[in-house]
Amino acid sequence: MSYAISAPLQEAVFGALANDATLDSMVNGSIFDAEPTGALPPVYVTLGAESARSRSDATGGGATHEFVISVVTEAAGFLGAKSIAGVVSDLLVDADLTLSRGRLVSCRFLKAKAARDDVGTRRRVDLTFRARVDDV
């Protein structure tokens, strides 16, 4: 296994989200590859935690990456966040992403968690995806 495909995978996922006109309009361009600091926009999408496991075999190197994409909003209910999360899911499930190194074999939705933040003023949907990559 090599972790070398992690950065190209992140770049491709971020690019798919940031370059989608529908998602961009829903979050007013607030798509980040790290949790924003300071004054937060009223709604945003951010890349989150990732874990990776080797899937290398005799034919070559590969890995499975589980990563989180979060939708955060200050709206009173979850409907808006869930609508945005649906667009994110549509963009990533079975996506045909081009990586700068290696190739994406598959990208699947694993799970989601919708919750209020600690003080109850924001809503958050954390989507977890599993991507299988080969280092070819």
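Counting begins at 1 with the first residue of the sequence. A quick note: this is a predicted structure, and the numbers were derived from the prediction, not measured.
Nearest heavy atoms, I5 versus G102: CD1-CA, 3.8 Å. Nearest heavy-atom pair, A81 versus V71, reported as atom, atom and distance to 0.1 Å: O-CG1, 3.7 Å. Nearest heavy atoms, A131 versus L104: CB-CD1, 3.8 Å.
Residue pairs meeting the salt bridge (Lys or Arg N to Asp or Glu O under 4.0 Å) criterion with at least one member in residues 72-84, sequence neighbours excluded: E74-R122. The side chain to side chain donor-acceptor pair (under 3.5 Å) pairs that include a residue from residues 126-136 are E66-R130, S70-D126, R101-D135, R103-D134, R124-D126, R132-D134, where partners are two or more places apart or lie in different chains.
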For V93 and F129: C-alpha separation, side-chain torsions, deciding distance, then whether side chain to side chain contact (heavy atoms under 4.5 Å, CB included) applies. CA-CA 8 Å; V93 171; F129 296 90; 4.1 Å; yes

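Between the CG atom of L47 and the CD atom of E35 there is a distance of 10.5 Å, given to the nearest 0.5 Å. Separating the CD1 atom in I84 from the OG1 atom in T73 is a distance of 6.0 Å, to the nearest 0.5 Å.
A heavy-atom distance below 4.5 Å is found between the side chains of F67 and C107.
Placement of L92 and L9 within a single hydrophobic cluster is found when ILVMFWY residues are connected by side-chain heavy-atom separations under 4.5 Å, directly or transitively. Hydrophobic clustering (ILVMFWY, side-chain heavy atoms < 4.5 Å, transitive): F109 and V88 are in one cluster. V43 and F14 fall within the same hydrophobic cluster, defined by Ile, Leu, Val, Met, Phe, Trp and Tyr side-chain heavy atoms under 4.5 Å apart, directly or through other members.
Among residues two or more places apart in sequence or in another chain, the salt bridge (Lys or Arg N to Asp or Glu O under 4.0 Å) test is passed with R123 by none. Here F78 pairs with nothing under the ring-ring contact (aromatic ring centres under 6.0 Å, His included) rule; sequence neighbours left out. Contacts of E50 classified as salt bridge (Lys or Arg N to Asp or Glu O under 4.0 Å), with partners at least two apart in sequence or in another chain: none.
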Please output the side-chain donor-acceptor pairs of residues 22-34 that fall under 3.5 Å, not counting sequence neighbours, one pair per line with the distance.
residue	atom	partner	partner atom	Å
S25	OG	A21	O	3.4
S25	OG	T22	O	2.8
S30	OG	V27	O	3.3

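Taking a 6.0 Å sphere around CG of L79, one finds it holds 12 or fewer heavy atoms contributed by other residues, nucleotides or ligands.
Checking each of L91, V125, L17, T46 against I69 for a side-chain contact (heavy atoms from CB on, under 4.5 Å) leaves exactly one that passes, namely L17.
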